[in-house]
Amino acid sequence: MASHLRSASLPSSPCSGETNVERQLQSLNTTVSSPSSTIETMLDGLRRLEDIYNCIDELTCLPSSQVLLCKPQQRMAVEQELERSLILLDLCNVVQVSFSELKESVQDMQLVIKRGDDAALQTKTQSWFRLTKKAQKQFKKINKKSSPADVESCRVVSLLDEARDAAATMIESSLELLSKQIAMPNSSKWSLVSKAFQKKSVTCKEEQLQLLELDIVDLQSRVETLFRRLIQSRVSLLNTLSL
């Protein structure tokens, strides 16, 4: 699907280019807001968002856009967008720390499963839930700092605003989906698993945790790429204001 969103396909007309990006954003928002969304959905969405940012960046660098963005009222809108983009950069940094903690938690669970220590596994599982709740709480705290624009902005700045909202939504959804990947063990049932099925159960748990660890690694990579793309977007805007 991402192949249809290459920035190289951006139309030469600014108007049609903006319309193209708007369609991509609408399609992306519809996909990631679906109740059936998965971590893979979010990974694909973050990949698509990179292409969208590439398109917006090309629009920003068009001479006609630069003239418009340098007008007094639009300059104010650009400055506000630059401020709000700092909040998203902060979110990326915080969530990367959370991903590292969650990955370490998964690795710990894999080790105690290999040792066959059920009590330790329950403890590590509870630690996982504490970490996911902590990550979600930190996200909400930082995201609250973002306020809506109080000046009317041109379409390019509006597209940046929509892209930023889409990024925050996908990061938040990723954290929520991660929190649901491990079921809280019921201690009364935990000890009742028959010996005949314990080995099969352990193998299943190890495979699930390995896949979960890979998902976290992929999310780290995508958020890191998003972070770098946001920096590039800020550079384009700052260069425009300096004209």
Side-chain angles (χ1 to χ4, degrees), residues 32 37-50 85-146 164 166-191 193 197-231:
V32 300
S37 292
T38 63
I39 291 177
E40 184 57 40
T41 305
M42 299 306 146
L43 287 169
D44 182 62
L46 288 167
R47 282 190 291 267
R48 292 169 62 185
L49 191 61
E50 292 169 33
S85 70
L86 287 175
I87 296 174
L88 182 54
L89 288 172
D90 194 11
L91 283 173
C92 288
N93 281 327
V94 169
V95 81
Q96 287 291 58
V97 173
S98 296
F99 286 151
S100 294
E101 291 175 341
L102 291 171
K103 183 172 66 175
E104 184 177 344
S105 177
V106 169
Q107 291 169 342
D108 288 343
M109 281 188 274
Q110 291 180 68
L111 288 175
V112 297
I113 284 178
K114 289 179 180 178
R115 293 202 307 263
D117 190 339
D118 288 352
L121 180 56
Q122 289 189 66
T123 299
K124 294 297 182 183
T125 304
Q126 290 166 353
S127 174
W128 163 270
F129 282 102
R130 285 195 295 271
L131 287 172
T132 55
K133 287 181 180 178
K134 172 188 169 186
Q136 289 173 301
K137 185 176 180 180
Q138 286 179 320
F139 177 91
K140 293 181 184 300
K141 181 179 179 180
I142 295 173
N143 201 38
K144 281 182 180 178
K145 298 176 183 178
S146 184
R164 182 169 39 76
T169 297
M170 282 186 283
I171 293 173
E172 183 175 25
S173 296
S174 296
L175 291 172
E176 184 178 352
L177 287 165
L178 283 175
S179 71
K180 297 176 181 178
Q181 297 305 301
I182 295 179
M184 175 66 80
N186 184 314
S187 58
S188 63
K189 294 180 180 179
W190 198 265
S191 60
V193 179
F197 289 98
Q198 280 186 1
K199 186 174 181 181
K200 181 178 179 181
S201 178
V202 166
T203 302
C204 181
K205 290 171 191 169
E206 285 181 333
E207 291 175 350
Q208 291 172 341
L209 289 172
Q210 287 168 0
L211 290 173
L212 179 56
E213 183 180 353
L214 290 175
D215 282 340
I216 295 172
V217 170
D218 287 342
L219 283 169
Q220 284 182 300
S221 176
R222 293 267 62 88
V223 172
E224 175 62 26
T225 302
L226 172 63
F227 181 90
R228 293 197 301 268
R229 195 65 200 77
L230 288 169
I231 295 294

Using modelled atom types only, decide if a donor and an acceptor are shared between the side chain of Ser174 and the backbone of Met170 within a distance under 3.5 Å.
yes
For the CD1 atom of Ile39 and the CG atom of Leu175, what is their distance to the nearest 0.5 Å?
10.0 Å
Could you report the tightest heavy-atom contact between Cys92 and Phe227, atom names first, then the distance?
CB-CD1, 3.8 Å
Is a side-chain donor or acceptor of Ser105 paired with a backbone partner of Glu101 at a separation under 3.5 angstrom?
no
Would you say that Leu91 contacts Phe139 through its side chain, given a criterion of any heavy-atom pair below 4.5 Å between the two side chains?
yes
Within the 4.5 Å heavy-atom criterion, are Thr125 and Leu121 side-chain neighbours or not?
yes
Interatomic distance, CD@Glu224 vs CG@Leu46, rounded to 0.5 Å, equals 12.5 Å
For the residue pair Phe99 and Leu178, establish whether any side-chain heavy-atom pair is separated by less than 4.5 Å.
yes
Value for CG (Asp117) from NZ (Lys124), rounded to nearest 0.5 Å, stands at 10.0 Å
With rounding to the nearest 0.5 angstrom, report the CG to CG distance, Asp215 to Leu102.
12.0 Å
Sub-4.5 Å side-chain heavy-atom contact between Leu226 and Leu230:
yes
What's the spacing between Gln181 CD and Leu209 CG if we round to 0.5 Å?
10.5 Å
Nearest heavy-atom contact between Arg115 and Ala120 is NH2-CB, 4.4 Å
Nearest non-hydrogen partners of Val32 and Ser37, listed with the distance
O-OG, 3.1 Å
Would you say Ile182 and Met109 make side-chain contact, with heavy atoms under 4.5 Å?
yes
Taking the side chain as everything from C-beta on, heavy atoms only, tell me whether Ser98 gets closer than 4.5 Å to Lys134.
no
From Leu212 CG over to Ile216 CD1, what is the distance, rounded to the nearest 0.5 angstrom?
4.5 Å
Gln110 pairs by side-chain hydrogen bond (donor to acceptor under 3.5 Å, both in side chains) with which of Glu206, Lys205, Glu213?
Glu213
Does Thr41 reach the side chain of Thr38, with side-chain heavy atoms less than 4.5 Å apart?
yes
When you measure from the side chain of Thr123 to the backbone of Ala119, do you find a donor-acceptor pair of N or O atoms at a distance under 3.5 Å?
yes
Ignoring hydrogens, what is the shortest heavy-atom contact between Ala167 and Leu88? Give both atom names and the distance.
CB-CD2, 3.8 Å
Note, Lys140 side chain near Glu172 side chain (heavy atom, < 4.5 Å)
yes
Report yes or no: does Gln96 contribute a side-chain atom to a donor-acceptor pair with the main-chain N or O of Gln220 at less than 3.5 Å?
yes
